[in-house]
Amino acid sequence: MGEIPPPEYDLNAKWDACLDLSLRRFAYSSLAGAFGGLLLFRSPVTRWATIAFGAGIGIGSAYTECSQKFGGSLPLLPPKLAQTPQGEQE
């Protein structure tokens, strides 16, 4: 019937993995922010801010990893620009 695509071309598997990764990192980072807020701060506003900060870190790290899985991200370290002397520029 139909052929199974290799893992690097299976978009459904990539989306499933990214959704799972995003939900887990969001939840774990939010819990870590809540725990840190409970330990470090007294004000409810500051506690909510630490939860939001943790959630943002989780979503950001999940986005970075998912974009690497889809192959659309920049390399971690950009290559050095070619060093040309000032006189040779056209």
When rounded to the nearest 0.5 Å, the distance separating CD1 of I51 from CG of L31 is 9.0 Å
**Request:** Would you mind reporting whether L21 and E65 have side-chain heavy atoms less than 4.5 Å apart?
**Result:** yes
Residues 10-67 vs ring pair (Phe, Tyr, Trp, His ring centres under 6.0 Å), sequence neighbours excluded, gives W15-F70
For G58 and S29 the tightest heavy-atom approach is CA-OG, 3.3 Å
So CZ of R47 and CG of L39: to nearest 0.5 Å the spacing works out to 9.0 Å
When you measure from the side chain of R25 to the backbone of S61, do you find a donor-acceptor pair of N or O atoms at a distance under 3.5 Å? yes
Rounded to the nearest 0.5 angstrom, the CD1-OG distance for I57 and S30 is 10.5 Å
